[in-house]
Engineer: 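I'd like to ask you about the structure that follows.
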Amino acid sequence: MPIRYLLRHKLRKVQFVEATCTDIDPVNKTIMVQDESEVRGEVTNTRIKYDFLVVASGAQNATFGIKGVEEYACFLKETWDARKIRQKLMDCLETACFPGQSDSEISRILHMVVVGGGPTGVEYAAELHDFLHDDLSTWYPEITSKIKITLVEALPHVLPMFSSELIKYTEAQFAKDKIEIMNNTMVKEIREKEIVVRHKNGEEVVVPYGLLVWATGNTARPHVAGLIRKLDPSVQNQRRGLVVDEYMAVKGAKGIFALGDCTATKFPPTAQVATRQGAFLAKYFNNLGQMSEDVQEQYANGELGSQLSGSYPSFEYSHVGTLAYIGSDRAIADLPGGVHLGGILTFFFWRSVYLSNLFTVRNRVLVVADWIKMRTFGRDIARE
Ligand code: NAD
């Protein structure tokens, strides 16, 4: 949803700056922002002063320094990543149809590899399967049987955060859908047309591929890692993100708050956690005006801690469950109270939860319209 659409309805003046934050200076209370868009004016860098700063800038894809990832893999984090994947996928299909291609080259080009068996990798492999099965079989009947999807996971099983029952269910569904899972297999290197993987027994194998999606989890973005380095290492001791107190004040800093995937907390880095942290922090900022100046300052400096409890309870998180889509109109759900669900009904439950979590009616209507459009006319295979 465009941010401008949300800001239009605010009573107070909100200035929006589309730019990348490249540095946070916690001493002088400023941030450095840079215009990285295609159209740039005479000014492309500027410093902005703050009284309070909320860092909610998420995380970036972890590559673990593995050779070739940045160069040859597609990530799956931002909208433009999804566009790039679609572009490359359609290119693979057309290249496989190019006259005179050898059988082995066709097999390579049509081998779709997904690295990382977390929810991102599993949901992507599932959606890709549906796309091939529901749509591409109509448009590319001559090659669909040659398309292969492989999911590579370093651990013994995919989706380690789900119950063993649902892991088994997912692996069985993937086997039915002919998605190969290579468990206990670590990707060591990515080359232009092949990947080098190492199995648990130490054996190294070279696997040719056409499209590779890298979904091995997250790491801190450069400006967040930079801020961590500038703060007291005895409190900021996590590489994956900022350490915050129970009011989301960044420990060791004055006037800085952080939430979501850029923090290192006991909560999982999910939208479910981040949206509640956002609502919690918004409520506290709305209450700031009613606090005395002393309390405001202490609050901003993260010095209030348990003194706030009572009238201002700290952030509490109660998990409402974990859901994932696993393909062929099936989803899995781990719900509180040891309830594990999997199947078509869970898929409808997943969709209703998805819709209820979208804010604004406009967004819900657009998403439902998209689903209806997809069911009626199939997915769009046009390229840019
Ligand atoms: P993840 O960290 O959950 O999973 C990454 C996987 O990649 C791990 O299982 C890891 O063992 C594997 N891996 C790492 N390096 C590897 C290598 N070199 N070779 C092979 N495998 C390797 O990452 P994610 O799936 O991107 O999820 C990130 C966060 O977002 C998680 O907290 C997740 O719960 C959340 N998320 C949730 C949903 C959902 O609820 N449906 C969907 C997407 C993401």
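Every number for a ligand or one of its atoms is a count from 1 in the order of the listing. Computed from heavy atoms alone, side chains included, the values below leave out hydrogens, waters and symmetry copies.
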Engineer: May I ask you to identify the nearest protein heavy atom to atom 43 (C) of ligand 1, giving residue, atom name and distance to one decimal place in Å?
Structural biologist: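 Closest protein heavy atom to atom 43 (C) of ligand 1: Thr120 OG1, 3.4 Å.
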
Engineer: Which is it for Pro268 and ligand 1 at heavy atoms under 4.0 Å: side chain, backbone, both or neither?
Structural biologist: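 Neither; no heavy atom under 4.0 Å.
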
Engineer: Considering only the protein, which heavy-atom contact is closest to atom 28 (C) of ligand 1, and what is its distance?
Structural biologist: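 Of the protein heavy atoms, Asn218 ND2, 4.0 Å lies nearest.
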
Engineer: Can you sort out which atoms of ligand 1 are near Gly217, meaning under 4.0 Å from one of its heavy atoms?
Structural biologist: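 Taking each heavy atom of Gly217 in turn, ligand 1 has 2 (O), 5 (C), 23 (O), 26 (O) under 4.0 Å.
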
Engineer: Any side-chain heavy-atom pair from Pro26 and Ile256 closer than 4.5 angstrom?
Structural biologist: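 In short, these two side chains touch, coming nearer than 4.5 Å.
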
Engineer: Side chain, backbone, both or neither: which part of Val158 comes within less than 4.0 Å of ligand 1 when only heavy atoms are counted?
Structural biologist: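 No part of Val158 is near ligand 1 at this cut-off.
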
Engineer: Which ligand 1 atoms are under 4.0 Å away from a heavy-atom of Ile66?
Structural biologist: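 Near Ile66, the atoms of ligand 1 are 18 (N).
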
Engineer: Does the salt bridge (Lys or Arg N to Asp or Glu O under 4.0 Å) test come out yes or no for Glu180 and Lys148, once each step is laid out?
Structural biologist: CA-CA 8 Å; Glu180 189 190 342; Lys148 191 178 164 206; 3.2 Å; yes

Engineer: Test of understanding: given a 4.0 Å heavy-atom threshold, classify the contact between Met161 and ligand 1 as side chain, backbone, both, or neither.
Structural biologist: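 For Met161, only side-chain atoms sit under 4.0 Å from ligand 1.
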
Engineer: Judged on heavy-atom distance to atom 20 (C) of ligand 1, which of Thr322, Thr185, Ile190 sits nearest?
Structural biologist: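 Closest candidate by heavy-atom distance is Thr185.
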
Engineer: Scan Ile149, Ile85, Ile147 and name whichever one has a side chain to side chain contact (heavy atoms under 4.5 Å, CB included) with Leu128.
Structural biologist: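 Result: among Ile149, Ile85, Ile147, Ile149 is the only option passing the side chain to side chain contact (heavy atoms under 4.5 Å, CB included) with Leu128.
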
Engineer: Side chains of Thr20 and Glu36 only: does a donor on one sit below 3.5 Å from an acceptor on the other?
Structural biologist: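 Glu36 and Thr20 do have a side-chain donor-acceptor pair below 3.5 Å.
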
Engineer: For atom 21 (N) of ligand 1, what's the nearest protein heavy-atom neighbour? Residue, atom name and distance, please.
Structural biologist: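 Looking at atom 21 (N) of ligand 1, the protein heavy atom closest to it is Ala154 N, 3.1 Å.
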
Engineer: Do the side chains of Tyr354 and Trp371 get nearer than 4.5 Å, heavy atoms only?
Structural biologist: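 With C-beta onward as the side chain, the pair touches.
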
Engineer: Can the ring centres of Tyr284 and Phe52 be said to be less than 6.0 Å apart?
Structural biologist: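 When the ring centroids of Tyr284 and Phe52 are compared, they turn out to be at least 6.0 Å apart.
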
Engineer: Note the single closest protein heavy atom to atom 12 (C) of ligand 1, along with its residue, its atom name and the distance in Å.
Structural biologist: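 Nearest protein contact, heavy atoms only, for atom 12 (C) of ligand 1 is Glu153 OE1, 3.3 Å.
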
Engineer: Considering only protein heavy atoms, which is closest to atom 16 (C) of ligand 1, and at what distance to one decimal place?
Structural biologist: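 Minimum-distance protein heavy atom for atom 16 (C) of ligand 1 reads Thr216 CG2, 3.7 Å.
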
Engineer: Any heavy-atom pair between the side chains of Val17 and Gln15 that's under 4.5 Å?
Structural biologist: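 Gln15 reaches Val17 side chain to side chain.
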
Engineer: Ring centroids only, cut at 6.0 angstrom: are Tyr325 and Phe347 within range, meaning strictly under it?
Structural biologist: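 Centroid distance Tyr325-Phe347: below 6.0 Å, so yes.
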
Engineer: Distance to 0.1 Å, residue and atom name: give those for the protein heavy atom nearest to atom 7 (O) of ligand 1.
Structural biologist: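 In this structure, atom 7 (O) of ligand 1 has Gly116 CA, 3.3 Å as its nearest protein heavy atom.
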
Engineer: Could you tell me the residue and atom name of the protein heavy atom closest to atom 42 (C) of ligand 1, and the distance to it rounded to 0.1 Å?
Structural biologist: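 The protein heavy atom lying closest is Pro119 CB, 3.4 Å.
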
Engineer: Quick one: look at Phe64 and ligand 1, take heavy-atom pairs under 4.0 Å, and tell me if it's side chain, backbone, both or neither.
Structural biologist: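 Under 4.0 Å from ligand 1, Phe64 contributes side-chain atoms alone.
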
Engineer: Give the atoms of ligand 1, by number and element, whose distance to some non-hydrogen atom of Glu123 is under 4.0 Å.
Structural biologist: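 Answer for ligand 1: 41 (N), 42 (C).
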
Engineer: Which part of Leu323 is near ligand 1, with near meaning a heavy atom under 4.0 Å away: side chain, backbone, both or neither?
Structural biologist: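 The backbone, only.
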
Engineer: Using a strict cut-off of less than 4.0 Å between a Lys/Arg side-chain nitrogen and an Asp/Glu carboxylate oxygen, indicate whether Arg375 and Asp329 qualify as a salt bridge.
Structural biologist: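 Here Arg375 pairs with Asp329 in a salt bridge, since their nearest N and O are under 4.0 Å apart.
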
Engineer: Is any side-chain heavy atom of Arg330 less than 4.5 Å from a side-chain heavy atom of Tyr169?
Structural biologist: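 The answer is yes, as the side chains (C-beta and beyond) meet within the 4.5 Å cut-off.
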
Engineer: Just to verify, what does Asp25 make a side chain to side chain donor-acceptor pair (under 3.5 Å) with, not counting sequence neighbours?
Structural biologist: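 Scan of Asp25 (side chain to side chain donor-acceptor pair (under 3.5 Å), adjacent residues dropped) gives Asn28.
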
Engineer: Short N/O distance, under 3.5 Å, between Val187 and ligand 1?
Structural biologist: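 The answer is yes, given that Val187 and ligand 1 share an N or O pair closer than 3.5 Å.
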
Engineer: Looking only at protein heavy atoms, which one is nearest to atom 30 (O) of ligand 1, and how far off is it?
Structural biologist: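 Looking only at protein heavy atoms, the one closest to atom 30 (O) of ligand 1 is Pro269 O, 3.6 Å.
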
Engineer: For the residue pair Phe315 and Tyr317, does the interplanar ring angle fall in the parallel (under 30°), tilted (30 to 60°) or perpendicular (over 60°) class?
Structural biologist: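 Phe315 vs Tyr317 ring planes: parallel.
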
Engineer: With heavy atoms of Val115 as the reference, note each atom of ligand 1 found under 4.0 Å away.
Structural biologist: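 So the answer, numbered in order with elements, is 19 (N), 20 (C).
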
